[in-house]
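These notes are about the structure you will find just below.
In what follows, chains are A, B, ... by sequence order, proteins preceding strands, each numbered from 1.
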Amino acid sequence: MKGLEGHCILVVEDEFYLAKDLQYALTQAGATILGPFPRREEALAAMARSRPDCAIIDVNLGRGANFELADELVRQGVPFLFFTGYDQAVIPQRFSKVMRLEKPVDTTRLVNAAQAACSRGECRPI
Amino acid sequence: MSERNDRMEPQQEIARLRDEVEQLRTALEASSDEVAQLVEDRERLLGRITAQARDLQAANTAYAQASSSHRSDAAASDAAASVAAQLHSDQEQEELRVAFEEMQVLTEELEVANDSLRETNRALDERVAERTRELERKNAALAESELRFRTLVEGIPQLVWRAIDEGEWTWASPQWTAFTGQSDRNSHDMGWLQPVHPEDRATARAAWARARETGHFQTDYRVRRAADGAYRWFQTRATPVHDATGRVVEWLGASTDVQDMRALQDRQRVLMHELQHRVRNTLAVVRSIASSTGESSDTVQDFAAHLEGRLSALARTQMVLTRAPGAGVDLEEMVRQELLAQAAADVRIDVSGSDVRLSPKAAEVLTLAIHELATNAVKYGALGGSQGRVKVHWSTSSQGEETWLALVWRESGVQMAATAPRREGFGTELIEVRVPYELDGRGELQFLPGGVRCEINFPLRPGESILQTDAPVAQEGLA
């Protein structure tokens, strides 16, 4: 499946196997991946060097639901979507318009969602 | 509301008894009037009899004088006067006799009336005494019932109160005063709103406005605890008390502290979401492991055996973690269990190291790593042949502010040519890629002459599961 050519997508997911699956599916669809990163700090450090077109982020990076990275993405104007096993109820109201991909996700849904979230572009230095 | 009926009944009963006693008293008074009338009649009659007796006396005296003068003077005219006097005396005597008879009848009547009155009086006294005893009994029962009711109202943990109209309080229980520090008097009318959280006052008022229409009051609001100034959630309910015509006379209300219950409900909600997250995550991981296993398996049998072994290792970790949440996983126990699962004989393995407890995440990764190493050793390495041995040793060291674990798996005595490096497999990826990714450490797997050598290093970070009951709730979405 194609459809993400030329897009740079930040992937933040702490489960190795899930990160690997995401990376594989998105790369197959033509995207460039920034990451994947298991921890917020590493994602933020990478964003200081490259600006992604969009981001797919896990809500729980090992210590329960956390939205600090999502807030930072909003601040930086990077569109993103949640990749999560949580229900909508856990997502704060301020992210009510952010799309939520439920785990486990199939490739078609993933690529379509990433396409919708991304604007065209490359991983470019800031 | 049956308590209220129990309370109302004796009161009505007492009112009824009072009426009855009043009626009896009226009857008694009426009887007394009758007796007085009879006494009066008798007095009058006595007066008449006395007067007639006097007249008779006078007539007799006159007659006697006339008789004596007749004897001395023997006058015919005197005889005539004497006859007349005799006649008059006879008439008077007759009248007196009649009056006496009348008086006798009256006296008899009076005696009968008196007897009847005495009887009535006695019966009345008896009934009054009986009614008084009954009244005393009922009063005692009522007092006891009121005491019971009061003990109940003041003994229950709820803050109880009474109100009229749209929530204007008329009484607050001692519990209310004890909790809020507000006196009964100050709670009256809308004074009770004072200890209610300012943000919840509108809610409370709105609930009262609704109660008028629905005939039922129920809402939750926070009330300030005087002891520490903390606001606690209360569930408040009130029921209207109706009079005989169905009109609402007042409201009886009770506020129950539901703070702890709400906290538990929040906690339960967090746990439920967390469980949901874990289940979905685990399914996603299982799916990924299945697909990775598929990529590195040559036959379906191979695939099935590998997948089963990996899922079993995953299940063992979960079991240990959920059996004693928060306790972590004992490293030595885990290593021995994984070797045991491969039916490795004790004599050929050497497991040693310091006391280390693993966080859930570290336990999950390391269990699977040991599982892969043990499976590999049975199939190709030290546990497959007859001469091989396995040594698993670990130690901890300080690196900066963190404690790192260094675990070494070393096989020896392996004669097989299978020690030559094979294609990148599931185990290699697990140790060399997943360990750095998830545990922020390093992993190295070498296929050396004589057997496999694996070294895993990572920082021991506290990573308590949110599923354990005392884990902090960091769920801003649920706030």
| Toward chain A, the part of V365(B) with a non-hydrogen atom under 4.5 Å | neither
| query | Minimum heavy-atom separation for V408(B) to R453(B), with atom names? | reply | CG1-NH2, 3.9 Å
| task | Would you mind checking which part of R287(B) comes under 4.5 Å of any heavy atom in chain A, side chain (CB onward), backbone (N, CA, C, O), both or neither? | result | side chain
Which pairs of donor and acceptor atoms, one on a side chain in residues 305-317 of chain B, lie under 3.5 Å apart (sequence neighbours left out)?
residue : atom : partner : partner atom : Å
H306(B) : ND1  : D302(B) : O            : 3.2
H306(B) : ND1  : D302(B) : OD1          : 3.4
R310(B) : NE   : E372(B) : OE2          : 2.6
R310(B) : NH1  : T293(B) : OG1          : 2.9
R310(B) : NH2  : E372(B) : OE1          : 3.0
S312(B) : OG   : E308(B) : O            : 2.8
R316(B) : NE   : E338(B) : OE2          : 2.7
R316(B) : NH2  : E338(B) : OE1          : 2.6
R316(B) : NH2  : E338(B) : OE2          : 3.3
T317(B) : OG1  : A313(B) : O            : 2.9

| request: With sequence neighbours left out, write down each residue that passes salt bridge (Lys or Arg N to Asp or Glu O under 4.0 Å) with E402(B), or none if nothing qualifies. | output: R461(B)
| For V59(A), is it the side chain, the backbone, both or neither that has a heavy atom under 4.5 Å from a heavy atom of chain B? | neither
| request: Please work out whether the ring planes of F82(A) and F67(A) are parallel, tilted or perpendicular, with thresholds of 30° and 60°. | output: perpendicular
